[in-house]
Amino acid sequence: MNRHPIAISDSKNFYVSAERIFDVSLANVPVIVLSNNDGCAVARSDEAKALGIRMGEPLHLIRDKIERHGIQVFSSNYTLYADISRRVVDTYADFTPSVEIYSIDECFLDFSGFRDREAHAQAMRAAVRRRVGIPVRVGIASSKTLAKCANEIAKKNPIFHGVLDLMDEGLARRLLPKVPVGDIWGIGRRTEAKLKAIGINTAEELRNMPLRQARQLGTVVLERTVLELQGEPCLSLDEVEPPRKGMAVTRSASTPMTDFDTLFQAVTAHASRAAEKLRQHDLVAGTLTTIFHTNKHRPDRPQWSAARSTKLTPMSSDTFDLVDAARRCARAGWPKDGKPYAFTKAGVLLDDLLPTSDRPLTLFDTMRPKSAQLMAALDAVNERFGKKTMVLASEGTSRAWDLRATHRSPRYTTRINDLPVVK
Amino acid sequence: MPIHRITQPVIEHCPPMRLVSIPVSAGFPSPAADDLEGEIDPIAWVVRRPSSTFWWRVEGDCLADAGILDGDLIAVDRDGTRRVGRAVLAVVDGSVTAKILRKKNGRYYLAPANSATNYPDIEMTPSSEIWGVIAGVVRRYELG
């Protein structure tokens with residue numbers, strides 16, 4: 001059988017580890033990082049986990065614990081995390097010919113061709129630790145699902161020193177009976193309940209499940225998981241990022257938006273950001289949708305949800321075009337019944353994306369021959385002097401709709417005024 | 001790809017018709033076009049390993065004799081080789097300090113480089129750690 005080893009490397013408590021690189025006083029103290037809008041804990045240091053802080057626990061429920069134990073709290077600083085993630089990926093690239101980025105803190109790596117995979121993985125861990133300062137763990141197997149499984153086991157058992165190679169069938173046979181079926185990648189809560197009902201409780205039992213029965217119980221998806229657990233790769237290592245087909249910029253507002261002007265400010269900001277992202281990837285969009293809605297968890301208040309789309313003709317990545325289209329959609333979706341709605345989320349979605357060079361040309365393309373230059377200047381100013389230096393006036397200056405991020409650390413690596421200081 | 005429900009389509013009427021003017025450029029291509037080279041980038045010359053190099057701002061003059069002054073920006077390579085005599089960033093007692101790595105009687109010390117004042121040497125302990133090696137320094141002066 002010809003099976004290629006695939007590794008998955010994931011960073012330990014990634015957001016917390018990233019904060020700790022520059023703020024060395026955070027070593028060995030409990031730290032949590034909050035979700036967008038400071039809602040709940042999305043990353044916890046080992047010390048915070050030991051204090052019983054659970055993943056996704058809302059901030060207002062843990063206030064007294066924070067106070068009592070001096071837990072350090074941070075808003076998420078995605079600018080920093082993205083830069084650190086990029087450096088980690090660059091380091092992986094020195095250890096494997098192909099890296100597939102799965103999320104901000106997880107990558108699949110092609111590990112075929114190395115004689116001593118474990119030593120290779122340990123060398124890679126040490127390099128990431130030393131060069132970037134992030135601790136990572138590695139699981140190796142012949143399929144992604146099994147590699148994830150190996151990674152989980154390495155995470156929970158310090159005896160593996162952060163690396164577990166499940167290419168060894170004997171080792172797999174000994175360890176898989178200890179992995180609860182609900183911990184397997186791709187097994188959701190419903191499937192877990194169904195499996196448990198028929199007596200399948202562990203990864204070992206799931207991998208021995210007859211394929212036909214798996215397909216009956218959980219369609220082809222579960223059948224694929226069973227095959228993957230048997231070491232048969234069904235999910236390939238996607239070396240090339242698929243071309244983007246759609247893109248979304250949506251945000252929760254820190255204070256609810258009650259009038260059209262405030263909503264339009266938020267929509268302007270989101271459309272501007274979407275336009276900037278398009279230009280970064282050298283794409284144009286053909287369809288724009290503006291969405292906004294009230295808080296669905298407050299059924300006692302008036303509810304409204306709007307989504308309006310429009311075609312962009314010609315296809316465009318020009319901030320003015322996108323903001324204009326977003327405004328028309330927001331106008332069309334705005335409630336006319338005069339009830340006091342409080343909108344908590346707004347966003348702009350772009351679909352029908354094409355590389356700028358492939359866009360269909362229309363008669364009207366040369367209407368604004370300087371658009372490209374103007375957008376290049378806008379991007380250059382914001383690149384050089386920091387994001388949001390130059391914006392459309394309709395974005396407003398008070399930014400009441402902006403995210404809550406009260407505890408955000410400095411953008412250490414991307415802003416000159418935020419550089420860490422050494423005395 | 002996000003799935004978003006569209007409750008009511010918006011029907012746009014015919015786009016406005018306008019006059020089209022197409023700019024045409026003319027002339028000879030530049031004879032120097034083949035000799036174009038990229039601009040010199042001294043920062044790239046300082047930062048030899050981008051993935052392990054981070055910028056810090058210096059406060060204080062404890063490395064003045066090594067040519068690193070208050071307000072300077074320093075590039076610090078976490079992957080730089082720790083060698084005696086090199087300027088390093090070290091973590092001591094939960095704070096970061098810039099010093100010269102020295103060795104005396106088989107022990108490692110973090111020493112200042114400033115003859116004007118008397119900063120003490122700090123002995124490296126198992127709990128102290130070298131954060132990175134200083135790869136270069138950038139300073140700018142007031143204009144105008």
Side-chain angles (χ1 to χ4, degrees), chain A residues 21-29 83-84 86-91 93-94 127-133 244-248 250 289-291 305-311 313-314 325 328-329 331-333 347 349 351 362-367 369 412-413 416-423, chain B residues 1-12 14-23 49-63 68 70-80 82 88-99 127-132 134 138:
Chain A
I21 296 173
F22 298 100
D23 189 344
V24 295
S25 71
L26 298 175
N28 307 317
V29 301
D83 181 68
I84 299 300
R86 177 185 59 81
R87 291 166 185 263
V88 171
V89 173
D90 283 353
T91 307
D94 285 349
V128 176
R129 181 79 226 228
R130 187 177 155 106
R131 294 186 206 172
V132 195
R244 273 174 178 267
K245 295 207 183 85
M247 163 181 305
T250 65
T289 307
T290 300
I291 58 154
S305 168
R308 294 289 187 280
S309 298
T310 183
K311 280 237 160 304
T313 317
R328 280 185 278 129
C329 294
R331 215 9 123 195
L349 317 169
D351 286 300
T362 73
L363 259 181
F364 306 101
D365 281 4
T366 47
M367 267 181 339
Y412 296 111
T413 56
I416 204 144
N417 291 325
D418 279 11
L419 283 182
V421 170
V422 54
K423 294 188 182 178
Chain B
M1 183 164 147
I3 296 172
H4 32 90
R5 197 163 51 89
I6 295 165
T7 45
Q8 197 186 316
V10 172
I11 294 141
E12 280 292 297
C14 172
M17 305 295 281
R18 290 184 210 173
L19 260 184
V20 175
S21 65
I22 299 166
R49 282 183 287 237
S51 59
S52 57
T53 305
F54 298 85
W55 290 92
W56 288 70
R57 185 187 303 277
V58 176
E59 256 177 34
D61 280 319
C62 95
L63 287 182
I68 296 173
D70 184 58
D72 285 354
L73 305 187
I74 51 172
V76 183
D77 190 345
R78 292 183 55 98
D79 203 22
R82 283 86 170 131
V88 298
L89 239 62
V91 181
V92 181
D93 297 331
S95 65
V96 180
T97 176
K99 292 281 185 310
S127 68
S128 44
E129 168 196 357
I130 305 280
W131 197 94
I134 298 180
V138 172

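Not measured: the values here are computed from a predicted model. So you know, we letter chains A, B, ... as the sequences are listed, proteins then strands, and number each from 1.
- Using a 4.5 Å cut-off between heavy atoms, B:Leu73 touches chain A through its side chain atoms alone.
- The greatest number of non-hydrogen atom pairs below 4.5 Å with chain B, out of A:Gly333, A:Gly133, A:Ala27, is found for A:Gly133.
- Comparing A:Thr413, A:Asp23, A:Ile21, A:Val88 by heavy-atom pairs within less than 4.5 Å of chain B, the highest count is held by A:Ile21.
- Within the model, atoms CG of A:Asn417 and CZ of B:Arg57 stand 6.5 Å from one another, a figure rounded to the nearest 0.5 Å.
- Contact tally against chain A (heavy-atom pairs below 4.5 Å) for B:Ser51, B:Gly94, B:Gly80: the top residue is B:Ser51.
- In this structure, the portions of B:Val96 lying under 4.5 Å from any heavy atom of chain A include both its backbone and its side chain.
- The choice from A:Ile416, A:Val24, A:Val422, A:Leu419 that makes the most heavy-atom pairs within less than 4.5 Å of chain B is A:Val422.
- Distance check, rounded to the nearest 0.5 Å: CZ of A:Arg87 to OG1 of B:Thr53 gives 7.0 Å.
- Only the backbone of B:Ser95 comes within less than 4.5 Å of a heavy atom in chain A; its side chain stays farther off.
- Distance check: B:Trp56 CH2 to A:Phe22 CZ gives 6.5 Å after rounding to the nearest 0.5 Å.
- No more than 12 heavy-atom neighbours from other residues, nucleotides or ligands sit within 6.0 angstrom of CG on A:Asn28.
- Contact annotation for A:Ile84: only side-chain heavy atoms (C-beta onward) come within less than 4.5 Å of a heavy atom of chain B.
- Shortest non-hydrogen contact noted between A:Arg131 and B:Phe54 is O-CE1, 3.8 Å.
- Expressed to the nearest 0.5 Å, how far CG of A:Asp90 lies from CZ of B:Arg49 amounts to 13.5 Å.
- Counting heavy-atom neighbours within 6.0 Å of B:Asp93 CG, excluding the residue itself, gives a total of 12 or less.
- When atom types are taken as modelled, the side chain of B:Arg78 and the backbone of A:Arg130 share a donor-acceptor pair closer than 3.5 angstrom.
- With a threshold of 4.5 angstrom between heavy atoms, A:Arg129 approaches chain B through N, CA, C or O but not through any side-chain atom.
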